[in-house]
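To find a chain, count down the sequence lines: A is the first, B the second, and so on, and within it residues start at 1. Excluded from the calculations below are hydrogen atoms, water molecules and symmetry mates; all remaining heavy atoms, backbone and side chain alike, are included.
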Amino acid sequence: MPELSKTYNPAEVEDRWYPEWETRGLFHAKVNSEKKPYTIVIPPPNITGILHLGHILNNTIQDVFVRWKRMQGFEACWIPGTDHAGIATQNVVEKALAKEGTDRHKLGREKFVKRVWEWKDIYGDTIIRQLRKLGVSCDWQRERFTMDEGLSTAVREVFVRLFDKGLVYRGKYIVNWCTFHRTALSDDEVEHGQTNGKLYHIRYPIEGTKDSVVIATTRPETMLGDTALCFHPKDERYRHLNGKQATLPLVGRRIPVIADDYIDSSFGTGIMKVTPAHDTNDFLLGQRHNLQQISVINEAGQMNELVPKHYEGLDRFECRKRIAQDLEAQGFLVKVEEYPHNIGRCYRCNTIIEPYLSDQWFVRMKPLAKPALKVVQDGVVRFHPDRWTKVYEHWMDNIRDWCISRQLWWGHRIPVYYAPDGTYTAARSEEEARTKLGIAPEMPLRQDDDVLDTWFSAWLWPFSTLGWPGDTKDLRYFNPTDTLVTGPDIIFFWVARMVMANIEFMKGMPGRDGKPRQKDKDLVPFRDVYMTSIIRDDQGRKMSKSLGNSPDPIDVIREYGADALRFTITYLAPLGQDVLFSTDKCEMGRNFANKIWNAGRFLLLNKKEICGEEALDLSAHSAEHLDLADRWILSRLNTATDDIHNALTKFQINDATKILYGFLWHDFCDWYVELVKTRFYGDESPEAKKAVVQRALWVFDQALRLLHPFMPFITEELWQHLTDRKDASIVRINFPSSEKRHIDRKTEQDMEIVQNVINALRNIRGENNIQPSRDIELQIIVPKGGKGDTLQSYERYLQKLARVTKLTRIKNSAKPKVAASAVVNGIELFVPLEGLIDMGAERNRLEKEIQRIQQMLEGIEKKLGNPQFTARAPKDVVEKEREKQNAFKVNLEKLKENLGGLGK
RNA sequence: GGACGCUUAGCUCAGCUGGUUCAGAGCGCCGCCCUUACAAGGCGGAGGUCGUAGGUUCGAUCCCUACAGCGUCCACCA
């Protein structure tokens with residue numbers, strides 16, 4: 001066995017173990033009828049992305065669950081993969097082309113797409129490579145990409161089925177148009193934010209009269225496309241104008257004045273211009289009133305040929321200025337006021353969205369939403385924390401049709417084919433399209449130019465990755481998956497849509513039992529959705545590139561180790577709360593790793609000392625030579641095991657880390673290891689010592705297993721040193737389950753007395769400035785029924801932990817004259833230190849303690865003095881309070897007595 | 001406009017079903033110690049009327065109501 005270094009060196013251990021785990025195939029999952037599956041699909045990161053702390057948190061949590069379940073004997077399967085990220089990826093490649101002085105149009109579609117694939121092959125797995133550094137136990141043999149052959153087949157299949165069902169339709173609608181990307185966006189891809197705009201008040205003359213009306217608009221340039229004016233039908237101010245014609249300034253077009261109760265009479269002047277081609281509400285209004293739709297802005301955001309010549313070709317914002325000038329010059333502009341208001345912007349490039357009238361493809365969502373709502377309401381799919389349920393339900397209740405076409409080249413091309421006569425159909429292949437349309441092979445057939453929204457492949461992820469539409473063994477076994485771990489920001493984009501898709505497309509597919517799936521529990525994509533925290537910097541700001549406040553996780557791993565990062569971030573992330581992160585917080589994880597490392601080092605050194613090279617069987621702990629500390633640590637271990645199990649079951653992952661930290665550092669290292677030293681270095685028989693070493697190693701082994709899901713590398717490394725089992729790995733070793741018989745309240749109480757006495761002695765030392773190296777003597781007075789025997793039988797604990805060289809039991813009458821004292825569980829402690837203690841300090845110490853006890857006693861007496869309390873509170877609570885009262889009273893008396901005994 | 005979250009020690013936060021010495025942890029701070037696993041460590045200590053005001057209850061950091069401050073999401077009036 002190699003010597004272990006004094007401090008833990010994570011980089012070396014991590015680089016050694018990850019490839020080893022992969023080569024041994026420890027993360028690979030197979031269909032296994034002997035085992036229950038446990039499945040997670042990764043939220044596929046964009047191929048353009050680089051790893052950030054959000055990924056770290058998200059993937060660490062997934063890894064904790066997967067490793068935990070794997071150790072529990074589940075066939076744990078974590079399917080990794082990446083998303084082609086239509087807009088983002090196309091962006092990146094287009095930027096590269098721009099640098100080369102060319103663009104995608106010069107290249108042509110086919111070459112451009114080839115170029116993107118080349119880019120993807122080089123850079124597309126950056127995140128996936130980086131994730132390995134984190135130690136994630138993904139089944140890499142199952143890695144998928146949303147544009148893989150299989151997934152593309154699934155996309156086409158879904159589109160065609162929805163089309164044939166009438167759930168996909170084509171329509172001319174106002175969509176959110178990004179003039180930079182020149183594509184439509186779904187409603188969810190638009191981010192609304194406040195902006196300082198202006199409100200222009202413009203006079204529109206009424207034809208044939210001297211009358212005119214004033215309307216207010218933030219977008220005067222769209223007036224070129226106005227086709228009506230509109231007021232509320234009940235508005236007396238304008239009623240007389242109903243049916244009249246107004247003249248559109250600058251253009252001279254006649255437009256009707258109409259009435260509609262959409263109008264809010266209290267806003268502005270109460271009459272509004274209507275531009276059906278450039279505003280969603282106006283569009284709907286226009287439909288109701290059969291208004292003409294005049295588009296005046298092109299796909300690049302410039303004024304088109306339908307506007308007066310001197311505006312044509314102007315950028316929409318440039319045109320706005322010109323229109324304002326011209327209106328003013330011609331006397332139509334009444335006033336302009338500052339007007340802060342909300343506008344939508346492209347979530348990727350921040351360009352102001354242009355409501356744009358165009359032909360797009362939509363999915364009718366209402367029929368899909370209905371069952372997806374039900375499974376959540378019925379608790380078949382559960383959110384953690386639960387409050388996201390309401391957010392989900394609200395969205396489902398108000399769902400709108402999903403615009404799925406994107407005017408891009410990178411993505412799944414829409415499988416719709418047009419015949420020369422304009423008829424069209426959706427089909428899995430060109431041949432199928434010809435059959436469906438009745439077109440001969442020699443006739444030209446045109447496929448739709450647009451591609452599908454990226455989420456259109458992502459929403460199929462939990463089954464497309466498993467072979468759907470094929471009826472595969474994997475699909476039967478691993479779907480429904482179990483836990484989805486993702487951020488609340490994509491609950492609509494992704495989570496909700498996956499629920500809809502899984503229900504819709506898995507219906508009737510054979511399930512685990514081979515029978516067609518019908519029940520909701522077999523149709524959902526996953527059972528539990530864990531919503532992760534949002535990572536912020538230490539000032540609470542979102543991590544962002546522009547702020548430069550986003551540390552590179554790879555640097556953090558290099559500096560502190562992957563285990564340290566994993567542990568720290570899960571420790572900091574309570575379920576459902578944001579996390580304020582800064583790199584230096586990882587010191588906590590690093591220090592913890594080092595602590596464990598040294599505990600392991602200590603045990604191994606002593607094992608060698610006591611047992612030589614002999615291998616110890618750690619399959620069970622030795623039941624020989626048990627003393628209080630042993631029974632106590634077994635009790636604590638099993639309690640911790642229970643608590644961890646409960647915390648993980650409730651998705652309270654940071655609780656689990658806190659339990660592990662507390663158990664390993666405070667129970668195991670601070671107390672147990674210190675106590676065990678008394679036996680390693682004591683005069684017990686070699687057999688007894690061997691039993692003690694064996695048990696200590698066994699407990700440590702159990703603790704390592706509990707910790708492994710959180711800190712996989714260091715636990716594997718230490719575990720290997722512990723066991724010498726070259727062929728095995730902690731990755732697939734049983735996760736401990738608690739043995740109730742070891743959880744023993746009485747043992748813990750006895751141990752508590754020992755601990756309290758040691759703490760009291762340490763306090764005396766600290767406050768009296770007694771050197772740690774100085775031995776002390778302890779005299780105790782034990783009341784009737786007190787636990788003095790327990791204390792005396794573990795005198796060696798006091799020797800080691802408090803440097804007590806002599807323990808004597810004395811009579812009340814034999815109290816030492818000059819001594820520091822304390823009262824613990826009714827036992828009086830005296831440390832005779834004539835001439836050495838600082839009387840003033842000791843008096844202060846006792847007075848402080850007296851005050852503390854007095855305060856608590858007062859609290860209890862106030863409670864007990866309240867007749868309502870004694871009458872109404874449960875008996876055991878009252879009884880407990882009485883017991884406490886008595887104990888405090890006794891303590892207080894003794895303390896006062898001892899204070900008095902100190903003299904002046 | 002609607003929904004939701006947060007407010008506890010100097011800082012960052014736990015505290016889940018009201019009563020356990022319930023007021024905690026980590027960091028920071030003060031004092032002592034390089035005690036043969038660990039100074040990335042050990043021991044001791046200081047520090048909080050649990051945002052404010054009410055209410056429910058024998059009892060409230062915890063449940064309810066209102067308010068204040070911070071934050072998030074959804075919708076949106078030209």
Side-chain angles (χ1 to χ4, degrees), chain A residues 4 6-8 192 199 215-219 222 230 262-264 266-275 279 281-282 339 341-342 385 387-388 390-391 394-395 398 488-489 491-492 534 536 538 540 560 564 568 571-572 574-582 584-585 587-588 590-606 646-647 650 652 654-655 658 661-662 666 669-670 673-674 677 681 758-759 762-773 800-803 852-853 856 859-860 863 866-874 876-878 880-881 884 887-888:
Chain A
L4 271 55
K6 200 170 167 183
T7 51
Y8 175 56
H192 294 271
L199 195 60
I215 59 92
T217 179
T218 53
R219 301 198 55 198
T222 64
C230 187
Y262 159 74
I263 301 296
D264 173 5
S266 65
F267 185 88
T269 55
I271 186 160
M272 184 185 89
K273 73 187 202 59
V274 185
T275 320
D279 183 279
N281 287 312
D282 292 11
Y339 186 65
H341 64 119
N342 283 341
R387 63 187 147 88
W388 292 106
K390 268 182 93 167
V391 177
H394 182 255
W395 187 76
N398 297 287
D489 50 329
I491 188 168
F492 308 136
I534 293 167
R536 299 171 177 282
D538 51 4
Y560 295 96
T568 303
Y571 186 95
L572 291 175
L575 182 57
Q577 241 25 74
D578 289 358
V579 173
L580 272 57
F581 183 90
S582 62
D584 55 353
K585 286 184 174 169
E587 282 181 18
M588 194 210 64
R590 182 200 60 181
N591 293 355
F592 184 48
N594 196 50
K595 187 74 181 175
I596 296 158
W597 180 255
N598 275 290
R601 205 160 69 94
F602 167 81
L603 293 175
L604 289 165
L605 286 171
N606 282 284
N646 288 336
K650 287 191 281 185
Q652 283 158 354
N654 75 316
D655 279 7
K658 288 189 163 82
Y661 189 94
H666 297 122
C669 291
D670 288 350
V673 165
E674 292 306 317
K677 284 178 181 171
Y681 310 146
I758 290 170
N759 286 337
R762 283 172 172 173
N763 179 260
I764 286 171
R765 279 182 179 280
E767 297 292 292
N768 282 297
N769 265 315
I770 299 168
Q771 291 294 302
S773 54
K800 174 70 191 154
L801 273 68
R803 272 192 106 106
R852 193 177 71 93
I853 305 263
M856 285 200 265
I860 288 169
K863 242 185 201 179
N866 179 357
Q868 300 277 26
F869 173 70
T870 44
R872 300 212 195 180
D876 56 319
V877 173
V878 177
K880 238 177 223 166
E881 292 297 316
K884 274 198 289 187
F888 283 144

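- Candidate nucleotides B:rC33, B:rC58, B:rA78 were compared by shortest atom distance to the side chain of A:Ile263, and B:rA78 ranks first.
- For the pair A:Gly766 and A:His394, both in contact range of RNA chain B, the more 5′-proximal nearest nucleotide belongs to A:Gly766.
- Note on A:Tyr681: a side-chain N or O is less than 4.0 Å away from OP1 or OP2 of B:rA37.
- Side-chain N/O atoms of A:Asn591 include one lying less than 4.0 angstrom from OP1 or OP2 on B:rG41.
- Residue contacts for A:Lys800: at a heavy-atom cut-off of 4.0 Å it reaches no nucleic acid atom on any strand shown.
- Residue A:Ser773 is out of contact with every strand shown, counting any heavy-atom pair closer than 4.0 Å.
- As judged by a 4.0 angstrom heavy-atom cut-off over every strand, A:Asp264 is placed among the base-contacting residues.
- The nucleotide whose nearest atom lies closest to any side-chain atom of A:Arg601 is, among B:rA78, B:rA37, B:rC43, B:rA37.
- Residue contacts shown for A:Ala871 are absent, as no nucleic acid heavy atom lies under 4.0 Å away.
- Look at B:rA66: its Watson-Crick or wobble partner, with both distances under 3.5 angstrom, is B:rU52.
- Comparing B:rC73, B:rU21, B:rA40 by their closest approach to the side chain of A:Phe888 singles out B:rU21.
- If you take NZ of A:Lys880 and P of B:rC22, they are 12 Å apart, rounded to a whole angstrom.
- Residue contacts for A:Pro385: at a heavy-atom cut-off of 4.0 Å it reaches no nucleic acid atom on any strand shown.
- At the heavy-atom level, A:Tyr560 lies nowhere under 4.0 Å from the strands shown.
- Protein atom CD of A:Glu587 is 14 Å distant from nucleotide atom C1' of B:rC11, rounded to whole Å.
- Nucleotide B:rC38 has no partner under the Watson-Crick or G-U criteria, as no pair reaches both atom distances under 3.5 Å.
- When heavy atoms are screened at a 4.0 angstrom cut-off, A:Glu767 is found touching the sugar-phosphate backbone but no base atom.
- Heavy atoms of A:Val673 sit under 4.0 angstrom from at least one base atom.
- Among the protein residues, A:Asp584 comes within range of no part of the nucleic acid, since none of its heavy atoms lies under 4.0 Å from any strand.
- Applying the 4.0 Å criterion to OP1 and OP2 of B:rG42, one finds that A:Lys595 has a side-chain N or O inside that range.
- Within 4.0 Å of A:Cys669, counting heavy atoms only, lies at least one base atom of the nucleic acid.
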A:Lys273 and A:Thr222: CA distance, side-chain angles, deciding distance, side chain to side chain donor-acceptor pair (under 3.5 Å) verdict
CA-CA 10 Å; A:Lys273 73 187 202 59; A:Thr222 64; 2.7 Å; yes
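- Taking the centre and axis of the six-membered ring of A:Phe602, the NZ or CZ atom of A:Lys677 falls inside the cone set by 45° and 6.0 Å.
- Taking atom CG of residue A:Leu572 and atom P of nucleotide B:rA14, one finds them 10 Å apart after rounding to whole Å.
- Base-pair partner of B:rU21: not found among the strands shown (Watson-Crick or G-U wobble, both distances under 3.5 Å).
- Atom P of nucleotide B:rC32 and atom CD of A:Gln771 are separated by 10 Å, given to the nearest angstrom.
- Per the geometry, CG belonging to A:Asp655 stands 12 Å off P belonging to B:rU17, to the nearest Å.
- Comparing A:Val579 and A:Leu605 along RNA chain B, the residue whose closest nucleotide (by nearest heavy atom) sits nearer the 5' end is A:Val579.
- If you check every strand for non-hydrogen atoms under 4.0 Å, A:Arg387 touches sugar and phosphate atoms only.
- Under 4.0 angstrom from either OP1 or OP2 of B:rA25 there lies no side-chain N or O belonging to A:Tyr571.
- Straight-line distance from the CZ atom of A:Arg536 to the C1' atom of B:rC11: 18 Å, rounded to whole Å.
- Of all the heavy atoms in A:Ala564 and A:Arg590, the pair that sits closest is CB-N, 3.3 Å.
- Summarising the geometry, the separation between CD on A:Glu674 and C1' on B:rG41 is reported as 11 Å, rounded to the nearest angstrom.
- Nearest to the side chain of A:Pro772, among B:rA40, B:rU21, B:rC33, sits B:rC33.
- Aromatic ring orientation, A:Trp597 versus A:Tyr8: tilted (interplanar angle from 30° to 60°).
- In the interface, the side chain of A:Asn769 is not paired with the base of B:rC32 through any donor and acceptor atom under 3.5 Å apart.
- The side chain of A:Lys390 places an N or O atom within less than 4.0 Å of a non-bridging phosphate oxygen (OP1 or OP2) of B:rC4.
- Residue contacts for A:Lys6: at a heavy-atom cut-off of 4.0 Å it reaches the sugar-phosphate backbone alone, with no base atom in range.
- If you take CD1 of A:Ile770 and C1' of B:rC32, they are 12 Å apart, rounded to a whole angstrom.
- Residue A:Asn866 is in sugar-phosphate contact alone, with no base atom involved, counting any heavy-atom pair closer than 4.0 Å across all strands shown.
- Between the side chain of A:Lys650 and the base of B:rC16, a donor-acceptor pair under 3.5 Å is found.
- Considering only the side chain of A:Ala873, B:rC58 comes nearest among B:rA78, B:rC58, B:rU21.
- Between A:His192 and the phosphate of B:rU72, there is no side-chain N or O to OP1/OP2 separation shorter than 4.0 Å.
- B:rC27 is paired with B:rG10 under the Watson-Crick or G-U wobble criterion, all donor-acceptor distances under 3.5 Å.
- We find the CG-CG distance between A:Asp655 and A:Asn646 to be 10.5 Å, quoted to the nearest 0.5 Å.
- Looking at the side chain of A:Asn763, the nearest of the listed nucleotides B:rU57, B:rC38, B:rG45 is B:rG45.
- Across all strands, A:Val877 comes closer than 4.0 Å to base atoms (heavy-atom distances).
- Picking from B:rG44, B:rA78, B:rC38 the nucleotide with the shortest atom distance to the side chain of A:Asn759 gives B:rG44.
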